[in-house]
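Order of the sequence lines fixes the chain letters, A, B, ..., with proteins taken first and strands second; residue numbering starts at 1 for each chain. From a predicted model like this one, the values you see are computed outputs, not experimental measurements.
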Number of protein chains: 2
Amino acid sequence: MKEHTRSYARVTREALTMMGGLIRLGRKQRKMSETDLAARVGIARSTLQLIEKGHPKVEIGLVFEAAILVGVPLFVDEPSRLAPEISRIDDKLALLPRSVRRARSEVKDDF
Amino acid sequence: MKEHTRSYARVTREALTMMGGLIRLGRKQRKMSETDLAARVGIARSTLQLIEKGHPKVEIGLVFEAAILVGVPLFVDEPSRLAPEISRIDDKLALLPRSVRRARSEVKDDF
DNA sequence: AGATAATGACCGATATAGCGGTCATATGAT
DNA sequence: ATCATATGACCGCTATATCGGTCATTATCT
C-alpha cells in the first residue's frame, strides 16, 4: 500500500464533473439508458455510472469513447479537425529542443 | 481473461494523441523534464510517458492533473468558468425526464 | 393503478494499470 | 570532446479498476 488516497486539484475534479455531466446529458438527449450506452461502449453499467459521476480513476479511453458516442466534442467541433490539429502540435514540438535541459523548478511553486 | 484487447474509435485515438501532445508541448514550453512533471503530478515517469503517448488505459484523473499543471485548458479557457458551466449542465439535466424510457438503439449504428 | 424498466448503490473476483526500477542511447551544456 | 542528464523502452510486483452481478427504489408507460 503505497498511496491509498490521492488528491486531485479542484480544476481536475470540476473538469471531471463536467465531462461526466456532458456524457449524461448527451445520453439522455439521445434517449439511451445506462444499459444501452454501456453496451454500446462495451463496458459494464457500473463503470458508466462512475464515468458520469466524474470518478477520476477510470480509463480515459473509456470516457472518451462514451463521450463520442453521445456527441460530446473533444477539443474540436469537427472530428475531422483532430488530425490537422495534431499535425500543428507535432510541428511545434519539432521546433523545440528534443531534450529539456535545466530549469529545475522555477514554475514558481517554491517561493 | 475476458477482453484481452479492446478497440477504440478513431476519434478516440486521435483525441488521446492530441491530449498527450498538448501535455508534452506544454511541458517542454515550460522547460520541465519528464521527471520534473511526473514528480509534480505525483506519478511515475513511466506513467507520464504513457500519458504523453496518448495511451487509452490511464486514469483520466492523472491525465487531467498533468494537463492542468502544464497549462492545457480543459473545456474552458478560464478554470473559473467550469463551475458555471457545470450548473448549466445540471439545469439542462433537471429539465429532462429522470429516467430514459424506450428508444432501444436508433443512434444509427445498426444500419 | 399496475407493470416494467431505469436508476442508484453495493460487492467479490480477477485482469491489469501504475509504480519504481534498470539499461541503452541521444542530447545539450560547458 | 567530455560529461551530465533527458529520453525511450522495458519489466516484475502489487494495488486496484473493471466486470458482472444483485437488490431496493424510483420513474415512466399503458
Could you check whether any side-chain heavy atom of B/L48 comes within less than 4.5 Å of a side-chain heavy atom of B/V41, counting everything from C-beta outward? no

Can you list every pair that meets side chain to side chain donor-acceptor pair (under 3.5 Å) and has a residue in residues 65-75 of chain B, with sequence neighbours left out? A/T12-B/E65

Could you state the atom-to-atom distance from CD1 of B/I60 to C1' of D/dT18 in whole Å? 16 Å

Candidates D/dT18, C/dG28, C/dG18 - which lies nearest the side chain of B/E59: C/dG18

Looking at D/dA6, C/dT7, C/dC19, which one has an atom nearest to any side-chain atom of A/E34? C/dT7

Heavy atoms under 4.0 Å, any strand shown: does A/Q49 hit a base, just sugar-phosphate, or nothing? base

On DNA chain D, compare the nucleotides closest to B/P97 and A/L62; which residue's is nearer the 5' end? A/L62

Rounding to an integer number of Å, can you tell me how far A/K31 NZ sits from C/dA5 P? 18 Å

Quick one: salt bridge (Lys or Arg N to Asp or Glu O under 4.0 Å) partners of B/R81, sequence neighbours excluded? none

Would you please name every residue forming a salt bridge (Lys or Arg N to Asp or Glu O under 4.0 Å) with A/R13, sequence neighbours left out? none

End axis versus end axis in the helix from C/dA1-D/dT30 to C/dT30-D/dA1, the angle rounded to 10°, five pairs used at each terminus: 80°

When the distance from NE2 of A/H55 to C1' of C/dG8 is rounded to whole Å, what number comes out? 15 Å

Go through the N and O atoms of the side chain of B/R45 and the base of D/dG8, and report whether any donor-acceptor pair is under 3.5 Å. yes

C/dA9 OP1/OP2 closer than 4.0 Å to side-chain N/O of A/K53: yes

Closest listed nucleotide, where the reference is the side chain of A/S99 and the choices are C/dG18, D/dA6, D/dT28: D/dA6

Check whether the side chain of A/S46 and the base of D/dG20 form a donor-acceptor pair under 3.5 Å. yes

Could you give the CD-to-P distance, from B/E65 to C/dG18, as a whole number of Å? 14 Å

My understanding is that only residues two or more places apart in sequence, or in another chain, count here; which of them pass salt bridge (Lys or Arg N to Asp or Glu O under 4.0 Å) with A/R98? none

Given that A/L96 and B/L50 both sit by DNA chain C, which one's nearest nucleotide is further toward the 5' end? B/L50

Go through the N and O atoms of the side chain of B/R98 and the base of C/dA6, and report whether any donor-acceptor pair is under 3.5 Å. no

Set out, in order, the CA-CA distance, both residues' side-chain angles and the distance that settles side-chain contact (heavy atoms from CB on, under 4.5 Å) for B/E52 and B/Q49, then state yes or no. CA-CA 5 Å; B/E52 291 191 351; B/Q49 288 179 325; over 6 Å; no

Should A/R6 be listed as having a side-chain N or O under 4.0 Å from OP1 or OP2 of D/dT16? no

Would you please test B/V100 and A/D36 for side-chain contact (heavy atoms from CB on, under 4.5 Å) and show each step? CA-CA 10 Å; B/V100 170; A/D36 286 338; 5.9 Å; no

Measure NZ/B/K57 against P/C/dG18 and give the value in whole Å, please. 10 Å

For A/R24 and for B/I43, find the nucleotide of DNA chain C with the closest heavy atom, then tell me which residue's nucleotide is more 5'. A/R24

Of the listed nucleotides (C/dT7, C/dG18, D/dA6), which one gets closest to any side-chain atom of A/R101? D/dA6

The criterion is salt bridge (Lys or Arg N to Asp or Glu O under 4.0 Å); which residues satisfy it with B/E59, sequence neighbours excluded? none

To the nearest Å, how far apart are A/L48 CG and D/dG20 P? 14 Å

Rounded to the Å, how far apart are B/E52 CD and D/dA6 P? 14 Å

